[in-house]
A.B. asks: 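Dropping the structure in here first, questions after.
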Amino acid sequence: MNDVLNTGHLAVIAILSLIFLTSHHDAFACSCAVTDDPLKESEKSAAVFMGKVIGFERTPSGELNGTKFSVEKTWKGVSTNEVMISTGPYGDCTYQFKMNETYLVYAHGNNTLSTDICVGTKNLANSYGDLQVLGIGKPIPEFPLTVLVLLISMASLIIFKPQISSGWSFLARKRLRKTFSTLKFYQKCLKIWFDILTPKQLLFFGPMIQKLGKNHKILCTSRKYSQVVDLAKLKRVNLVLAGKHGGSEREEKLRASTQRIDRLTDIVSKFSPDLVISFCSPEASRVAFGLGLKHIVFSDSPHAEAVMRLTLPFAQKLLIPWIIPKEEFVRYGISKNSIIQYRAIDAAVIVKNKSNIKSIKVDKRKKTIVIRPEESAAAYVLGKASTSNNIIYEFSKEAKKYNVIVLARYKPKINSLRKEFGDKVKIMNKVVDGKSLLSITDLFIGSGGTMTAEAALMGVPTISYDAVPNHVEKYLVKTGLAKRETNPKSILQAAKKMLEKGSTNKERAQRILNSMEDPYSKLMYAIKAL
């Protein structure tokens, strides 16, 4: 009888346990509807910001209580560099943040901000659509209220020291140390050397040089290369020239590089910089390594294998667009932890930078088509056949109908094009401001390089013939800012259709452009990290 009762008791206990466990699960199961409209979610939120996870707060029992973020941008509700958000424990609704990852956070609450999986919070990789709608956001000031905090902290320590607790005293001293460290960085006058090798690099670094030049001493070097020298005059950037462009032959490239290293050693030794910044300049890399200087490099070209191998193993920090996986560069010998991504493509910096648009004379009765031949002297294209001549040939047949302008890079290429096409197309023989030319362009045809990206971000109908496949070109095609065609006859037909329709991407291009950040903030982060 007792055995039967015991068996019955066990059965009842088992059933009750099952019911309890099921009820417990239901109580913590997360059921919510996440809106797909970032604007509506933003309106409902007390705070919207982009930030990197730098720590977690836990209860004495070890349960997650909050997540600490280093704030990079804010749309509303956050005005400090760091913020703590309540993130749990919320059962199945808890958002699982990862250390050192960046997120777009929608937070709710009054006195305490909180977030979970129901409010649209997502990691940076999945936030592209939201950022297009929300816009660029506001960067948190690099030097926020430090003077005020310094004065208050000092007053607290001096006046109220007998009354304050040891805990507050410790926090005040910690804040003072951090404040003095920030002040020391901003007050110190650094000597910074920029090595600038191409027009794109000059346009990209220009705004950074201007900002850094307010507090630091800047040396800008380049080489005898008319495309850069003439553009520097237009942009009023002072360059110290060392060496020359090596052309397209391997032996000449080697000789030019070794001679330039020798000349740079003299120039840089006299300047005695604290830091070197370049777009993966092999000569800057060698000189920096030889003189024991720290080197920060930028790149959006992992396909430039020779340059990557000659620079990345010796660089302290590498800054790259977020659309390029870090692994593309790690294979060349730089640590993944030394790579910093910024949410922009390099052409965005050039397009956003203010410049005087100068008038370029064209026959206004015709549509204007600009063709940019592919890079022909870089190491990564040596031995490859040119595509642009065939494209120019197809459009030269339409010279009576369109203004066909060809913007080549090097004098030998310009001379050969003039010899082949004569007056059928207009071959530009001098350096022009890209934005000035693109402002009167109805359709742009490029090889997928920087000017292709500039045209696309300005909303100019753009065709890429993808001469050198790269991540930026793929991004432009994916977002619909550029159309890819590789056959010269197909390019001509696509161009005619686009011009007849009068298609434009200006609104879409502006939204995407607005969503991109200024890499200068990431450069400052890299400098301070060194």
Side-chain angles (χ1 to χ4, degrees), residues 125 128 197-201 204 248 279-280 297-312 318-332 334 339 341-348 350 370-392 394 406-410 413 434 443-457 460-495 498 505 509 512 516:
Y128 173 72
L197 302 181
T198 67
K200 175 259 188 79
Q201 295 174 21
F204 181 85
S248 59
F279 241 95
C280 287
V297 297
F298 286 78
S299 181
D300 62 355
S301 308
H303 55 274
E305 182 176 352
V307 172
M308 297 300 103
R309 292 190 182 282
L310 290 169
T311 57
L312 294 190
L318 167 65
L319 282 73
I320 65 172
W322 93 108
I323 58 174
I324 307 177
K326 292 182 179 181
E327 288 73 18
E328 290 283 309
F329 296 93
V330 170
R331 59 195 172 107
Y332 294 119
I334 189 169
I339 302 175
Q341 291 174 310
Y342 49 87
R343 188 180 169 75
I345 59 176
D346 296 346
I350 300 171
V370 174
I371 302 174
R372 177 70 159 166
E374 67 272 35
E375 170 66 69
S376 59
Y380 56 83
V381 296
L382 294 183
K384 292 185 179 181
S386 172
T387 304
S388 58
N389 281 34
N390 294 330
I391 296 171
I392 297 169
E394 292 297 330
V406 178
L407 187 63
R409 288 175 170 83
Y410 308 104
K413 180 70 172 179
L443 186 133
F444 181 86
I445 301 168
S447 61
T450 302
M451 200 164 184
T452 303
E454 287 179 60
L457 288 175
V460 177
T462 301
I463 298 176
S464 167
Y465 55 92
D466 198 24
V468 183
N470 62 81
H471 288 275
V472 174
E473 192 269 354
K474 290 177 182 176
Y475 169 79
L476 296 173
V477 172
K478 183 179 179 181
T479 55
L481 294 183
K483 179 179 178 61
R484 183 187 296 140
E485 290 286 354
T486 56
N487 181 277
K489 292 184 182 297
S490 299
I491 291 173
L492 177 60
Q493 295 306 314
M498 292 168 78
N505 287 323
I512 292 174
M516 294 186 178

A.B. asks: P302 and I324: which non-hydrogen atoms are nearest, and at how many Å?
C.D. replies: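 Looking at all heavy atoms of both residues, the closest pair is CG-CG2, 4.1 Å.
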A.B. asks: Drop me the distance from F329's CZ to C280's SG, to the nearest 0.5 angstrom.
C.D. replies: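 Atom-to-atom, F329:CZ and C280:SG are 7.5 Å apart.
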A.B. asks: Might you work through the side-chain contact (heavy atoms from CB on, under 4.5 Å) test for M498 and I463, ending with a clear yes or no?
C.D. replies: CA-CA 10 Å; M498 292 168 78; I463 298 176; 3.8 Å; yes
A.B. asks: Quick one: closest heavy-atom pair of I323 and V472, and the distance?
C.D. replies: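 What the structure gives for the nearest pair is CD1-CA, 3.9 Å.
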A.B. asks: If you compare all heavy atoms of P373 against all heavy atoms of S388, which two are closest, and at what distance to 0.1 Å?
C.D. replies: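 The pair with the smallest heavy-atom distance is CB-OG, 3.5 Å.
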A.B. asks: Any non-hydrogen side-chain atom of K413 less than 4.5 Å from a side-chain atom of N389?
C.D. replies: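 Heavy-atom side-chain distance check passes, below 4.5 Å.
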A.B. asks: For residues L457 and A509, report the shortest heavy-atom separation together with the two atoms involved.
C.D. replies: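 What the structure gives for the nearest pair is O-CB, 3.5 Å.
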A.B. asks: Over all heavy atoms of both residues, which pair between H303 and N470 is shortest? Give the atoms and the distance, please.
C.D. replies: CE1-CB, 3.7 Å
A.B. asks: Does the side-chain contact (heavy atoms from CB on, under 4.5 Å) test come out yes or no for I491 and I445, once each step is laid out?
C.D. replies: CA-CA 9 Å; I491 291 173; I445 301 168; 4.0 Å; yes
A.B. asks: Could you give all pairs that pass the side-chain hydrogen bond (donor to acceptor under 3.5 Å, both in side chains) test and reach residues 478-487, with sequence neighbours left out?
C.D. replies: E473-R484
A.B. asks: Can you tell me how far the CD1 atom of I371 sits from the OG atom of S447, to the nearest 0.5 Å?
C.D. replies: 12.0 Å
A.B. asks: Could you work out, with salt bridge (Lys or Arg N to Asp or Glu O under 4.0 Å) as the rule, every residue matching K489, not counting sequence neighbours?
C.D. replies: E394
A.B. asks: If the plane angle is over 60° it's perpendicular, under 30° parallel, otherwise tilted; pick one for Y342 and F204.
C.D. replies: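 Plane angle between 30° and 60°, so tilted.
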A.B. asks: Please find the pair of heavy atoms, one from M308 and one from S299, that lie closest to each other, and give the distance.
C.D. replies: CE-OG, 3.4 Å
A.B. asks: What is the distance from atom OG1 of T452 to atom CD of E374, rounded to the nearest 0.5 Å?
C.D. replies: 11.0 Å
A.B. asks: Between atom CD1 of I392 and atom OG1 of T387, what is the distance when rounded to the nearest 0.5 Å?
C.D. replies: 11.0 Å
A.B. asks: Mind checking what makes ring-ring contact (aromatic ring centres under 6.0 Å, His included) contact with Y475, not counting sequence neighbours?
C.D. replies: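 Y475: ring-ring contact (aromatic ring centres under 6.0 Å, His included) contacts with W322.
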A.B. asks: Before giving the answer on side-chain contact (heavy atoms from CB on, under 4.5 Å), spell out for H471 and D300 the whole-Å C-alpha distance, their side-chain angles and the decisive distance to 0.1 Å.
C.D. replies: CA-CA 8 Å; H471 288 275; D300 62 355; over 6 Å; no
A.B. asks: How about M451 and F444: do any of their side-chain heavy atoms sit closer than 4.5 Å?
C.D. replies: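 The answer is yes; the side chains approach within 4.5 Å.
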A.B. asks: Indicate yes or no: at least one non-hydrogen side-chain atom of I391 is less than 4.5 angstrom from one of Y465.
C.D. replies: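 Result yes, sub-4.5 Å side-chain heavy-atom pair found.
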A.B. asks: Apply side-chain contact (heavy atoms from CB on, under 4.5 Å) to residues D346 and T450 and explain how you reach the verdict.
C.D. replies: CA-CA 8 Å; D346 296 346; T450 302; 5.9 Å; no
